[in-house]
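Note sheet for the following structure.
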Amino acid sequence: QVQLAESGGGLVQAGGSLRLSCAASGRTLSNYNIGWFRQAPGKERDFVAASSTSGDIREYADSVKGRFTISRDNAKNTVYLQMDSLKPEDTAVYYCAGSRRVGISTNVYQYGYWGQGTQVTVSS
């Protein structure tokens with residue numbers, strides 16, 4: 001099965017940018033739809049963005065549309081989340097997740113493979 005590992009989190013000021021990476025090992029990433037989710041303290045894990053296996057189909061949460069971009073490099077077995085114009089409300093632990101189900105999904109329960117998460121903190 002695939003193992004996923006996030007990196008790239010950190011502390012940034014409001015208006016700044018970060019790029020998160022999700023590196024896969026154990027299996028070929030191109031076989032998996034990949035989603036990014038985030039979880040703030042005391043809140044549920046929420047959908048952020050998702051990419052189909054080829055990267056041709058992408059979907060975003062309304063709260064991040066126009067600011068975040070999901071992309072993937074299957075040759076490098078890596079998916080990225082470019083986050084621009086960051087806001088304090090984007091502060092959370094960000095997780096990447098993989099699914100072999102047909103079609104991308106915004107539903108956290110459709111993803112069976114998860115990374116350990118990376119902390120993103122946006123200061124005002």
Side-chain angles (χ1 to χ4, degrees):
Q1 63 184 26
V2 68
Q3 289 84 45
L4 302 174
E6 305 92 339
S7 62
L11 173 64
V12 64
Q13 289 188 330
S17 298
L18 282 174
R19 187 176 80 159
L20 305 183
S21 297
C22 174
S25 61
R27 288 290 187 270
T28 302
L29 188 67
S30 59
N31 293 331
Y32 296 81
N33 297 310
I34 296 294
W36 283 97
F37 294 80
R38 64 187 181 186
Q39 189 167 19
K43 296 189 176 181
E44 294 184 347
R45 192 167 297 188
D46 292 331
F47 170 75
V48 175
S51 167
S52 62
T53 54
S54 65
D56 289 349
I57 300 172
R58 292 173 283 185
E59 190 163 348
Y60 298 93
D62 288 343
S63 59
V64 306
K65 278 181 182 176
R67 299 188 299 122
F68 290 12
T69 303
I70 187 171
S71 63
R72 63 194 298 160
D73 185 339
N74 285 337
K76 295 183 178 180
N77 255 12
T78 303
V79 175
Y80 304 98
L81 185 68
Q82 177 67 40
M83 306 187 296
D84 299 318
S85 302
L86 282 161
K87 304 175 181 180
E89 51 263 44
D90 294 319
T91 295
V93 177
Y94 282 71
Y95 299 89
C96 67
S99 170
R100 296 201 65 178
R101 294 176 179 267
V102 175
I104 62 174
S105 174
T106 64
N107 187 330
V108 65
Y109 297 106
Q110 298 296 314
Y111 292 83
Y113 307 94
W114 291 83
Q116 81 289 349
T118 186
Q119 176 70 47
V120 171
T121 303
V122 184
S123 62
S124 57

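Along the sequence shown, the residues carry numbers beginning at 1.
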Less than 3.5 Å apart, which donor and acceptor atoms pair up between the side chains of residues 114-124 and the rest of the protein, not counting sequence neighbours?
from, atom 1, to, atom 2, distance (Å)
Trp114, NE1, Tyr111, O, 3.1
Gln116, NE2, Glu6, O, 3.2
Thr118, OG1, Gly9, N, 3.2
Gln119, NE2, Ala92, O, 3.4
Gln119, NE2, Thr121, OG1, 3.3

Which atom pairs, donor and acceptor, lie under 3.5 Å between side-chain atoms of residues 99-106 and protein residues at least two apart or in another chain?
from, atom 1, to, atom 2, distance (Å)
Ser99, OG, Arg101, N, 3.1
Ser99, OG, Gln110, O, 3.1
Arg101, NE, Gln110, OE1, 3.1
Arg101, NH1, Gln110, OE1, 3.4
Ser105, OG, Asn107, N, 2.9

Would Leu81 and Thr69 satisfy side chain to side chain contact (heavy atoms under 4.5 Å, CB included), going step by step from the backbone distance to the final call?
-> CA-CA 6 Å; Leu81 185 68; Thr69 303; over 6 Å; no

Check against side chain to side chain contact (heavy atoms under 4.5 Å, CB included), Thr53 and Ser30 | CA-CA 5 Å; Thr53 54; Ser30 59; 5.6 Å; no

Do Lys87 and Val64 pass the side chain to side chain contact (heavy atoms under 4.5 Å, CB included) test, and can you show the C-alpha distance, the side-chain angles, and the key distance before you say yes or no?
-> CA-CA 10 Å; Lys87 304 175 181 180; Val64 306; over 6 Å; no

Verdict with reasoning, Thr78 to Arg72, per side chain to side chain contact (heavy atoms under 4.5 Å, CB included) | CA-CA 6 Å; Thr78 303; Arg72 63 194 298 160; over 6 Å; no

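Within the structure, ring-ring contact (aromatic ring centres under 6.0 Å, His included) contacts touching residues 45-64 (residues at least two apart or in different chains) are Phe37-Phe47. Identified under the disulfide (SG to SG under 2.5 Å) test for residues 56-124, with sequence neighbours left out: Cys22-Cys96. The side-chain hydrogen bond (donor to acceptor under 3.5 Å, both in side chains) analysis of residues 7-26, with sequence neighbours excluded, yields the pairs Ser17-Asp84. For residues 39-50, the set of pairs meeting the salt bridge (charged side-chain N to carboxylate O under 4.0 Å, His left out) definition, not counting sequence neighbours, is empty. Residues in residues 28-89 take part in no disulfide (SG to SG under 2.5 Å) pair, two or more places apart or across chains.
Expressed to the nearest 0.5 Å, how far CG of Leu29 lies from CD1 of Ile34 amounts to 4.5 Å.
The hydrophobic cluster containing Val48 also contains Val12, counting ILVMFWY residues as joined when their side-chain heavy atoms lie under 4.5 angstrom apart, directly or transitively. Linking ILVMFWY residues whenever their side-chain heavy atoms come closer than 4.5 Å, directly or via other members, leaves Val93 and Leu20 in distinct clusters. Under the 4.5 Å side-chain heavy-atom criterion for grouping Ile, Leu, Val, Met, Phe, Trp and Tyr, Tyr95 is not connected to Phe68 through any hydrophobic cluster.
Taking the side chain as every heavy atom from C-beta outward, Tyr94 and Met83 approach each other to under 4.5 Å.
Checking Leu4, Asn77, Val2 one by one against Arg27, the side-chain contact (heavy atoms from CB on, under 4.5 Å) holds for a single residue, Val2.
Panel note: side chain Glu59, backbone Ile57; no donor-acceptor pair is recorded below 3.5 Å.
The hydrophobic cluster around Leu11 extends to none of the other residues, as no ILVMFWY side-chain heavy atom falls under 4.5 Å of it.
By the ring pair (Phe, Tyr, Trp, His ring centres under 6.0 Å) test, Tyr80 pairs with no residue at all, sequence neighbours left out. Taking the salt bridge (Lys or Arg N to Asp or Glu O under 4.0 Å) definition, one finds that Arg67 meets it with Asp90, sequence neighbours left out. For Tyr113, the ring pair (Phe, Tyr, Trp, His ring centres under 6.0 Å) partners at least two apart in sequence or on another chain are Tyr32. With sequence neighbours left out, the salt bridge (Lys or Arg N to Asp or Glu O under 4.0 Å) criterion links Asp56 to no other residue.
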